[in-house]
Amino acid sequence: SAASDVYKRQEDSSSMASDLRVLIATDNHLGYLEKNPLRGNDSFAAFEEILKIAVGKHPAYPDVEPVDMVLLGGDLFHDNKPSRSTLFRTMNIMKKYVLGDNPVRFKVLSDQCVN
């Protein structure tokens with residue numbers, strides 16, 4: 001399960017403020033079998049579960065704290081030209097869990113010209 005890769009921050013950790021918590025999800029394949037009446041919602045339901053875990057609002061994992069970043073690797077969409085329906089559903093899920101006014105508190109401290 002995706003939650004097996006989510007680690008709970010230790011309450012007594014002295015480095016909590018400087019920790020960067022990242023949830024990595026790969027190969028979501030949104031829109032897979034989207035026209036199938038039984039399986040058409042599966043990829044979207046799984047993606048929404050991942051984002052619920054990321055924001056700390058998944059009912060099965062009440063003690064998991066929100067992450068600072070979600071890194072999506074692999075294929076987000078099943079088709080290289082996703083349908084309008086798939087794009088619409090994906091954006092609605094992202095609007096619900098990802099897009100918002102939370103500040104981005106991430107700073108690159110190294111000199112990118114040197115590294």
Side-chain angles (χ1 to χ4, degrees):
S1 109
S4 64
D5 294 331
V6 178
Y7 297 100
K8 184 177 160 186
R9 183 182 302 183
Q10 297 296 321
E11 296 297 325
D12 58 350
S13 172
S14 61
S15 65
M16 278 181 18
S18 63
D19 288 350
L20 179 66
R21 295 171 43 82
V22 179
L23 185 144
I24 301 171
T26 64
D27 297 305
N28 300 106
H29 288 271
L30 295 173
Y32 178 70
L33 294 177
E34 70 180 314
K35 294 181 181 175
N36 183 303
L38 295 175
R39 303 283 314 275
N41 194 48
D42 289 358
S43 64
F44 300 103
F47 186 59
E48 189 161 9
E49 278 197 48
I50 290 165
L51 295 181
K52 280 182 186 178
I53 292 168
V55 298
K57 294 185 178 176
H58 195 290
Y61 307 99
D63 296 330
V64 173
E65 294 183 24
V67 299
D68 300 304
M69 177 190 313
V70 175
L71 178 62
L72 298 174
D75 298 322
L76 178 61
F77 298 109
H78 184 67
D79 295 319
N80 65 349
K81 293 181 182 176
S83 69
R84 286 186 182 187
S85 173
T86 292
L87 290 172
F88 181 78
R89 292 179 74 180
T90 302
M91 284 310 301
N92 279 340
I93 293 169
M94 288 185 146
K95 282 179 192 176
K96 186 174 180 181
Y97 296 100
V98 178
L99 304 176
D101 295 332
N102 290 342
V104 176
R105 298 175 198 249
F106 177 82
K107 187 189 276 186
V108 177
L109 300 175
S110 64
D111 183 353
Q112 297 302 307
C113 295
V114 176
N115 297 325

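- Screening residues 84-96 for salt bridge (charged side-chain N to carboxylate O under 4.0 Å, His left out), with sequence neighbours left out, gives Glu48-Lys96.
- Side-chain atoms of Thr26 do not come within 3.5 Å of backbone N or O of Gly73 as any donor-acceptor pair.
- Remark: the backbone N or O of Leu38 is paired with a side-chain donor or acceptor of Asn36 at under 3.5 angstrom.
- The two atoms that bring Gly31 and Ser43 nearest to each other are N-OG, 3.0 Å, heavy atoms only.
- Taking all atoms of both residues into account, the shortest heavy-atom contact from Val67 to Arg21 is CB-O, 3.5 Å.
- Judged by distance alone, the side chain of Asp111 and the main-chain N or O of Cys113 form a donor-acceptor pair under 3.5 Å.
- We find the CG-CG distance between Leu30 and Asp79 to be 11.0 Å, quoted to the nearest 0.5 Å.
- Tracing side-chain contacts under 4.5 Å through hydrophobic residues (I, L, V, M, F, W, Y), one reaches Val98 starting from Phe77; they form part of the same cluster.
- The two atoms that bring Pro82 and Thr86 nearest to each other are CB-CG2, 4.0 Å, heavy atoms only.
- To the nearest 0.5 Å, atoms CG (Asp19) and CD (Glu65) are separated by 10.0 Å.
- Side-chain atoms of Asp75 never come within 3.5 Å of backbone atoms of Asp27 as a donor-acceptor pair (strictly under, hydrogens ignored).
- For residues 18-44, the ring pair (Phe, Tyr, Trp, His ring centres under 6.0 Å) pairs, not counting sequence neighbours, are His29-His78, Tyr32-His78.
- Interatomic distance, Ser85 OG to Glu34 CD, rounded to the nearest 0.5 Å: 5.5 Å.
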Which donor-acceptor pairs under 3.5 Å do side chains of residues 49-58 form with protein atoms, sequence neighbours excluded?
residue : atom : partner : partner atom : Å
Glu49   : OE1  : His58   : NE2          : 3.2
His58   : ND1  : Ala60   : N            : 3.0

